[in-house]
Amino acid sequence: MISGKHTRTISITSGKGGVGKTTLTANLALTFAQAGQKILIFDGDFGMANVDIFFGVKAKGHLSEVLKGEKSINDILTELYPNIYLISGGSGVTDYNQMSALERKSMLESLSELPHRFDIVLIDTAPGISDHVLHLNASTDEINVILTPDPSSIADSYALIKILHQTYKRTRFSIICNQVRDDIEGRQLFLRFQDVCDRFLSVMLEYQGSVPFDATIKKASQQQKLFMRQESATVSTKATQQVANEMLQKLSRIEPNPGLQMFWEQVVGTA
Ligand SMILES: Nc1ncnc2c1ncn2[C@@H]1O[C@H](COP(=O)(O)OP(=O)(O)O)[C@@H](O)[C@H]1O
Ligand SMILES: [Mg+2]
(Lines give C-alpha, C1' and ligand atoms only; values in the text may rest on other atoms or scores of the structure.)
(Ligands and ions follow the chains in the order given, each with its own letter.)
Protein backbone atom coordinates (compact mmCIF):
# COMPACT_ATOMS: atom_id res chain seq x y z
CA MET A 1 0.00 0.00 0.00
CA ILE A 2 1.38 3.40 -0.81
CA SER A 3 1.33 6.18 1.74
CA GLY A 4 -0.28 9.52 1.08
CA LYS A 5 2.92 11.36 1.88
CA HIS A 6 3.87 11.73 -1.74
CA THR A 7 1.68 11.80 -4.77
CA ARG A 8 2.60 9.34 -7.49
CA THR A 9 1.89 10.32 -11.06
CA ILE A 10 1.08 7.65 -13.64
CA SER A 11 0.30 8.07 -17.30
CA ILE A 12 -1.80 5.73 -19.40
CA THR A 13 -0.64 6.30 -22.93
CA SER A 14 -0.30 4.72 -26.36
CA GLY A 15 1.14 5.14 -29.79
CA LYS A 16 -2.23 4.71 -31.48
CA GLY A 17 -5.80 5.56 -30.55
CA GLY A 18 -8.62 3.23 -29.57
CA VAL A 19 -6.44 0.81 -27.61
CA GLY A 20 -8.35 1.21 -24.34
CA LYS A 21 -6.59 4.04 -22.49
CA THR A 22 -9.69 5.83 -21.26
CA THR A 23 -11.48 2.60 -20.40
CA LEU A 24 -8.49 1.42 -18.36
CA THR A 25 -7.89 4.82 -16.74
CA ALA A 26 -11.46 5.00 -15.45
CA ASN A 27 -11.61 1.39 -14.29
CA LEU A 28 -8.16 1.47 -12.69
CA ALA A 29 -9.16 4.66 -10.86
CA LEU A 30 -12.19 2.87 -9.45
CA THR A 31 -10.08 -0.10 -8.39
CA PHE A 32 -7.48 2.14 -6.72
CA ALA A 33 -10.17 4.11 -4.91
CA GLN A 34 -11.75 0.90 -3.66
CA ALA A 35 -8.31 -0.03 -2.30
CA GLY A 36 -8.37 3.16 -0.24
CA GLN A 37 -6.37 5.49 -2.49
CA LYS A 38 -7.33 9.05 -3.23
CA ILE A 39 -7.18 9.61 -6.97
CA LEU A 40 -6.99 12.60 -9.25
CA ILE A 41 -7.59 11.83 -12.91
CA PHE A 42 -6.07 14.33 -15.29
CA ASP A 43 -7.87 14.00 -18.60
CA GLY A 44 -5.12 15.03 -20.96
CA ASP A 45 -6.69 13.82 -24.17
CA PHE A 46 -7.49 17.26 -25.44
CA GLY A 47 -8.92 15.90 -28.65
CA MET A 48 -11.42 13.71 -26.86
CA ALA A 49 -11.66 14.32 -23.13
CA ASN A 50 -14.17 11.71 -22.02
CA VAL A 51 -13.18 10.03 -18.74
CA ASP A 52 -16.13 11.64 -16.96
CA ILE A 53 -18.81 9.81 -18.94
CA PHE A 54 -17.89 6.48 -17.35
CA PHE A 55 -18.88 7.88 -13.98
CA GLY A 56 -22.12 9.39 -15.23
CA VAL A 57 -20.84 12.82 -14.28
CA LYS A 58 -20.03 15.80 -16.46
CA ALA A 59 -16.76 17.66 -15.93
CA LYS A 60 -17.58 21.00 -14.29
CA GLY A 61 -15.14 22.77 -16.56
CA HIS A 62 -11.79 22.55 -18.25
CA LEU A 63 -8.28 23.68 -17.54
CA SER A 64 -8.48 25.91 -20.61
CA GLU A 65 -11.15 27.95 -18.81
CA VAL A 66 -8.88 28.35 -15.80
CA LEU A 67 -6.20 29.52 -18.15
CA LYS A 68 -8.48 32.16 -19.63
CA GLY A 69 -9.33 33.35 -16.14
CA GLU A 70 -12.98 32.34 -16.50
CA LYS A 71 -12.95 29.76 -13.72
CA SER A 72 -10.83 28.76 -10.73
CA ILE A 73 -9.33 25.34 -10.21
CA ASN A 74 -11.92 24.72 -7.52
CA ASP A 75 -14.68 25.44 -10.01
CA ILE A 76 -13.48 22.77 -12.39
CA LEU A 77 -12.37 20.08 -9.91
CA THR A 78 -15.09 17.49 -10.38
CA GLU A 79 -15.84 14.69 -7.94
CA LEU A 80 -16.54 11.62 -10.05
CA TYR A 81 -16.92 9.09 -7.28
CA PRO A 82 -15.93 8.93 -3.62
CA ASN A 83 -12.16 9.54 -3.60
CA ILE A 84 -11.95 10.07 -7.37
CA TYR A 85 -11.61 13.60 -8.69
CA LEU A 86 -11.16 14.90 -12.21
CA ILE A 87 -9.40 17.76 -13.85
CA SER A 88 -10.23 17.87 -17.51
CA GLY A 89 -7.88 19.46 -19.97
CA GLY A 90 -10.76 20.29 -22.26
CA SER A 91 -11.39 19.32 -25.84
CA GLY A 92 -9.47 20.50 -28.80
CA VAL A 93 -8.77 24.09 -28.09
CA THR A 94 -5.96 24.13 -25.54
CA ASP A 95 -2.53 24.51 -26.94
CA TYR A 96 -0.09 24.63 -24.07
CA ASN A 97 2.75 25.34 -26.42
CA GLN A 98 1.15 28.68 -27.22
CA MET A 99 0.86 29.82 -23.62
CA SER A 100 2.65 32.98 -22.54
CA ALA A 101 4.90 33.01 -19.48
CA LEU A 102 2.22 34.87 -17.57
CA GLU A 103 -0.46 32.37 -18.49
CA ARG A 104 1.78 29.50 -17.41
CA LYS A 105 2.45 31.20 -14.12
CA SER A 106 -1.22 31.79 -13.40
CA MET A 107 -2.06 28.23 -14.33
CA LEU A 108 0.60 26.91 -11.95
CA GLU A 109 -0.63 29.11 -9.17
CA SER A 110 -4.14 27.80 -9.59
CA LEU A 111 -2.99 24.17 -9.75
CA SER A 112 -1.06 24.60 -6.53
CA GLU A 113 -4.32 25.64 -4.89
CA LEU A 114 -5.87 22.21 -5.41
CA PRO A 115 -7.72 21.57 -2.18
CA HIS A 116 -6.95 17.88 -1.74
CA ARG A 117 -3.93 15.70 -1.24
CA PHE A 118 -3.93 12.81 -3.66
CA ASP A 119 -2.18 9.45 -3.47
CA ILE A 120 -2.20 8.94 -7.22
CA VAL A 121 -2.60 11.24 -10.20
CA LEU A 122 -3.68 9.14 -13.16
CA ILE A 123 -3.21 10.76 -16.55
CA ASP A 124 -5.15 9.71 -19.61
CA THR A 125 -3.22 11.04 -22.59
CA ALA A 126 -4.04 11.48 -26.24
CA PRO A 127 -2.40 8.88 -28.50
CA GLY A 128 0.71 9.56 -30.53
CA ILE A 129 3.81 11.66 -30.31
CA SER A 130 2.59 15.25 -30.28
CA ASP A 131 4.59 17.59 -28.05
CA HIS A 132 1.84 17.68 -25.52
CA VAL A 133 1.60 13.90 -25.15
CA LEU A 134 5.37 13.65 -24.82
CA HIS A 135 5.44 16.41 -22.27
CA LEU A 136 2.74 14.86 -20.12
CA ASN A 137 4.39 11.46 -20.19
CA ALA A 138 7.83 12.84 -19.50
CA SER A 139 6.51 14.53 -16.35
CA THR A 140 5.23 11.38 -14.66
CA ASP A 141 6.76 8.87 -12.24
CA GLU A 142 5.42 5.95 -14.25
CA ILE A 143 4.65 5.64 -17.94
CA ASN A 144 2.24 2.85 -18.89
CA VAL A 145 2.09 2.14 -22.59
CA ILE A 146 -0.96 0.19 -23.76
CA LEU A 147 -0.12 -2.35 -26.43
CA THR A 148 -2.65 -4.39 -28.41
CA PRO A 149 -2.23 -7.27 -30.87
CA ASP A 150 -3.09 -4.90 -33.72
CA PRO A 151 -0.04 -5.01 -36.04
CA SER A 152 0.40 -1.22 -36.07
CA SER A 153 0.42 -1.09 -32.28
CA ILE A 154 4.01 -2.33 -31.98
CA ALA A 155 5.35 0.19 -34.48
CA ASP A 156 3.41 3.09 -32.95
CA SER A 157 4.38 2.16 -29.38
CA TYR A 158 7.98 1.82 -30.45
CA ALA A 159 7.93 5.31 -31.98
CA LEU A 160 6.52 6.74 -28.74
CA ILE A 161 9.06 5.00 -26.51
CA LYS A 162 11.93 5.91 -28.79
CA ILE A 163 11.22 9.62 -28.65
CA LEU A 164 10.51 9.58 -24.90
CA HIS A 165 13.86 7.89 -24.46
CA GLN A 166 15.94 9.89 -26.90
CA THR A 167 14.48 13.33 -26.33
CA TYR A 168 13.18 13.10 -22.78
CA LYS A 169 15.72 10.60 -21.40
CA ARG A 170 13.12 8.22 -20.01
CA THR A 171 14.45 4.70 -19.65
CA ARG A 172 11.76 2.72 -17.82
CA PHE A 173 8.37 1.88 -19.27
CA SER A 174 5.55 -0.34 -18.08
CA ILE A 175 3.61 -2.21 -20.71
CA ILE A 176 -0.01 -3.28 -20.41
CA CYS A 177 -1.23 -5.63 -23.13
CA ASN A 178 -4.90 -4.99 -23.79
CA GLN A 179 -7.47 -6.82 -25.93
CA VAL A 180 -5.41 -10.01 -25.98
CA ARG A 181 -6.83 -13.54 -26.10
CA ASP A 182 -5.34 -14.49 -22.75
CA ASP A 183 -2.31 -13.74 -20.60
CA ILE A 184 -0.18 -16.13 -22.66
CA GLU A 185 -0.79 -14.00 -25.72
CA GLY A 186 -0.21 -10.91 -23.57
CA ARG A 187 3.22 -12.15 -22.49
CA GLN A 188 4.13 -13.17 -26.04
CA LEU A 189 3.15 -9.75 -27.32
CA PHE A 190 5.25 -8.14 -24.60
CA LEU A 191 8.28 -10.33 -25.43
CA ARG A 192 7.97 -9.52 -29.12
CA PHE A 193 7.85 -5.85 -28.35
CA GLN A 194 10.73 -6.08 -25.90
CA ASP A 195 12.76 -7.83 -28.55
CA VAL A 196 12.26 -4.95 -31.00
CA CYS A 197 13.10 -2.35 -28.34
CA ASP A 198 16.18 -4.27 -27.13
CA ARG A 199 17.60 -4.29 -30.62
CA PHE A 200 17.58 -0.54 -31.09
CA LEU A 201 17.13 1.22 -27.74
CA SER A 202 18.57 0.93 -24.27
CA VAL A 203 15.32 1.06 -22.37
CA MET A 204 13.93 -1.15 -19.63
CA LEU A 205 10.45 -2.52 -20.20
CA GLU A 206 8.36 -4.12 -17.50
CA TYR A 207 5.35 -6.30 -18.13
CA GLN A 208 2.52 -4.76 -16.14
CA GLY A 209 0.01 -7.43 -17.08
CA SER A 210 -2.74 -7.97 -19.60
CA VAL A 211 -6.48 -7.50 -19.99
CA PRO A 212 -8.22 -9.88 -22.39
CA PHE A 213 -10.56 -8.81 -25.16
CA ASP A 214 -13.99 -9.00 -23.60
CA ALA A 215 -17.26 -8.04 -25.29
CA THR A 216 -18.68 -6.99 -21.91
CA ILE A 217 -16.01 -4.26 -21.70
CA LYS A 218 -17.15 -2.83 -25.02
CA LYS A 219 -20.77 -3.11 -23.98
CA ALA A 220 -20.06 -1.33 -20.68
CA SER A 221 -18.33 1.48 -22.61
CA GLN A 222 -21.30 1.81 -24.93
CA GLN A 223 -23.55 2.12 -21.91
CA GLN A 224 -21.07 4.59 -20.40
CA LYS A 225 -20.50 2.33 -17.43
CA LEU A 226 -17.43 1.07 -15.60
CA PHE A 227 -16.87 -2.59 -16.38
CA MET A 228 -15.22 -3.03 -12.98
CA ARG A 229 -18.62 -2.43 -11.40
CA GLN A 230 -20.12 -5.57 -12.90
CA GLU A 231 -21.73 -7.71 -10.29
CA SER A 232 -19.98 -10.94 -11.08
CA ALA A 233 -16.23 -11.17 -11.54
CA THR A 234 -15.18 -12.01 -15.09
CA VAL A 235 -11.77 -12.91 -16.48
CA SER A 236 -11.29 -9.30 -17.53
CA THR A 237 -12.30 -7.80 -14.17
CA LYS A 238 -9.91 -10.18 -12.41
CA ALA A 239 -7.13 -9.33 -14.85
CA THR A 240 -7.69 -5.59 -14.33
CA GLN A 241 -7.69 -6.07 -10.57
CA GLN A 242 -4.36 -7.84 -10.91
CA VAL A 243 -2.89 -5.04 -13.05
CA ALA A 244 -4.08 -2.52 -10.44
CA ASN A 245 -2.59 -4.51 -7.54
CA GLU A 246 0.75 -4.84 -9.30
CA MET A 247 0.75 -1.12 -10.02
CA LEU A 248 0.10 -0.29 -6.37
CA GLN A 249 2.93 -2.56 -5.30
CA LYS A 250 5.27 -1.01 -7.81
CA LEU A 251 4.29 2.52 -6.82
CA SER A 252 5.14 1.74 -3.21
CA ARG A 253 8.68 0.84 -4.31
CA ILE A 254 9.54 3.69 -6.66
CA GLU A 255 10.89 7.05 -5.60
CA PRO A 256 8.27 9.61 -6.48
CA ASN A 257 9.10 12.83 -8.28
CA PRO A 258 10.03 15.69 -5.97
CA GLY A 259 6.47 16.89 -5.78
CA LEU A 260 3.22 17.51 -7.48
CA GLN A 261 4.19 21.13 -8.01
CA MET A 262 7.16 20.01 -10.06
CA PHE A 263 4.87 17.74 -12.03
CA TRP A 264 2.52 20.61 -12.85
CA GLU A 265 5.49 22.78 -13.76
CA GLN A 266 6.57 20.19 -16.26
CA VAL A 267 3.04 19.77 -17.58
CA VAL A 268 2.65 23.48 -18.05
CA GLY A 269 6.12 23.62 -19.48
CA THR A 270 8.15 25.96 -17.30
CA ALA A 271 10.59 23.30 -16.11
N1 LIG B 1 -10.14 -5.37 -23.21
C2 LIG B 1 -11.10 -4.90 -24.04
N3 LIG B 1 -12.00 -5.75 -24.60
C4 LIG B 1 -12.94 -5.28 -25.45
N5 LIG B 1 -13.09 -3.99 -25.79
C6 LIG B 1 -12.23 -3.10 -25.25
C7 LIG B 1 -11.19 -3.50 -24.36
N8 LIG B 1 -10.51 -2.38 -23.98
C9 LIG B 1 -11.08 -1.34 -24.63
N10 LIG B 1 -12.11 -1.77 -25.40
C11 LIG B 1 -12.99 -0.95 -26.27
O12 LIG B 1 -12.19 -0.26 -27.23
C13 LIG B 1 -12.76 1.00 -27.55
C14 LIG B 1 -11.72 2.09 -27.36
O15 LIG B 1 -11.44 2.22 -26.01
P16 LIG B 1 -10.95 3.59 -25.37
O17 LIG B 1 -10.73 3.34 -23.93
O18 LIG B 1 -11.86 4.70 -25.74
O19 LIG B 1 -9.57 3.76 -26.13
P20 LIG B 1 -8.58 5.01 -26.16
O21 LIG B 1 -8.87 5.87 -24.97
O22 LIG B 1 -7.21 4.39 -26.13
O23 LIG B 1 -8.83 5.71 -27.45
C24 LIG B 1 -13.98 1.15 -26.64
O25 LIG B 1 -15.13 0.77 -27.36
C26 LIG B 1 -13.70 0.15 -25.53
O27 LIG B 1 -14.89 -0.34 -24.95
MG1 LIG C 1 -9.37 7.91 -24.85
Side-chain angles (χ1 to χ4, degrees), residues 10-31 41-59 62-63 80 84 86-92 94 122-130 132-134 136-137 143-157 159-161 173-190 207-230 233-244 247:
I10 318 177
S11 66
I12 306 290
T13 193
S14 68
K16 68 193 282 288
V19 296
K21 288 182 301 299
T22 305
T23 309
L24 279 177
T25 300
N27 286 279
L28 284 171
L30 178 73
T31 314
I41 300 177
F42 183 65
D43 194 338
D45 188 347
F46 301 131
M48 205 198 284
N50 59 349
V51 179
D52 48 351
I53 60 158
F54 283 97
F55 295 88
V57 174
K58 199 166 160 13
H62 304 290
L63 210 47
L80 295 176
I84 305 179
L86 171 76
I87 289 183
S88 177
S91 296
T94 322
L122 205 53
I123 299 125
D124 182 16
T125 78
I129 53 170
S130 67
H132 186 68
V133 172
L134 296 170
L136 264 182
N137 278 316
I143 301 173
N144 288 276
V145 179
I146 313 289
L147 204 61
T148 70
D150 188 302
S152 62
S153 178
I154 286 198
D156 294 341
S157 305
L160 175 64
I161 285 178
F173 300 87
S174 297
I175 308 293
I176 302 173
C177 294
N178 190 27
Q179 306 189 15
V180 290
R181 210 170 33 242
D182 50 28
D183 196 53
I184 295 172
E185 188 186 47
R187 280 174 196 278
Q188 283 169 348
L189 180 61
F190 171 75
Y207 184 58
Q208 192 65 63
S210 69
V211 177
F213 183 90
D214 180 350
T216 63
I217 294 185
K218 209 169 223 19
K219 195 161 154 237
S221 295
Q222 278 159 357
Q223 297 174 341
Q224 308 193 337
K225 288 194 175 133
L226 294 158
F227 73 83
M228 288 304 279
R229 292 192 79 186
Q230 286 171 150
T234 61
V235 178
S236 58
T237 56
K238 283 185 204 148
T240 309
Q241 182 78 52
Q242 200 174 331
V243 170
M247 271 185 173

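For clarity, every value in this text was computed on a predicted model and none was experimentally measured. Whatever order the structure lists them in is the order used to number ligands and atoms, beginning at 1. The basis for the numbers below is simple: all heavy atoms, side chains too, and nothing from hydrogens, waters or symmetry mates.
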Backbone or side chain, does any N or O of Asp214 fall under 3.5 Å from an N or O of ligand 1? yes
Crowded around Lys225 NZ? As in, over 12 foreign heavy atoms under 6.0 Å? no
Just so I know, are the side chains of Asp183 and Tyr207 near enough to count as touching, which here means a heavy-atom distance under 4.5 Å? yes
With a 3.5 Å cut-off and no angle check, do the side chains of Thr148 and Asp150 form a donor-acceptor pair? no
At a 4.0 Å threshold, what atoms of ligand 1 neighbour a non-hydrogen atom of Lys21? 17 (O), 19 (O), 20 (P), 21 (O), 22 (O), 23 (O)
Could you find the nearest protein heavy atom to atom 19 (O) of ligand 1 and give me its residue, atom name and distance? Gly20 N, 3.0 Å
Would you check whether Ser221 has a nitrogen or oxygen atom less than 3.5 angstrom from a nitrogen or oxygen atom of ligand 1? yes
For Phe213 and ligand 1, does the shortest N/O to N/O distance drop below 3.5 Å? no
Give the residue, atom name and distance (to 0.1 Å) of the protein heavy atom nearest atom 25 (O) of ligand 1. Lys218 NZ, 3.4 Å
Does an N or O anywhere in Thr22 fall below 3.5 Å from an N or O of ligand 1? yes
Between ligand 1 and Pro212, is the shortest N or O to N or O distance under 3.5 Å? yes
Any non-hydrogen side-chain atom of Ser236 less than 4.5 Å from a side-chain atom of Phe213? no
Under 3.5 Å: N/O of Gly18 near N/O of ligand 1: yes
Any N/O/S atom, backbone or side chain, of Asn50 lying under 2.8 Å from the Mg ion (ligand 2)? no
So do the side chains of Asp182 and Pro212 get within less than 4.5 Å of each other, counting heavy atoms only? no
State if Ser14 counts as touching ligand 1 under the rule of any non-hydrogen atom under 4.0 Å. no
Identify, for atom 10 (N) of ligand 1, the protein heavy atom at the shortest distance, and state residue, atom and that distance. Gln179 NE2, 3.5 Å
Could you check whether any heavy atom of Pro127 sits closer than 4.0 Å to an atom of ligand 1, since that is the contact criterion I want to use? no
Atom 17 (O) of ligand 1 - nearest protein heavy atom and its distance: Thr23 OG1, 2.5 Å
No-hydrogen, no-angle side-chain donor-acceptor test under 3.5 Å, Thr240 and Asn27: no
Side-chain contact test, heavy atoms from C-beta onward, threshold under 4.5 Å: evaluate it for Lys238 versus Gln242 and give yes or no. no
Closest non-hydrogen atom pair between Ala126 and Thr13, with its separation: O-OG1, 4.2 Å
Flag the pair Phe42 / Leu63 as yes when at least one side-chain heavy-atom distance between them is below 4.5 Å, and no otherwise. yes
Do Val211 and Thr23 come close enough that some side-chain heavy atom pair is under 4.5 Å? no
Starting from atom 8 (N) of ligand 1, find the nearest protein heavy-atom neighbour and note its residue, name and distance. Asn178 ND2, 3.0 Å
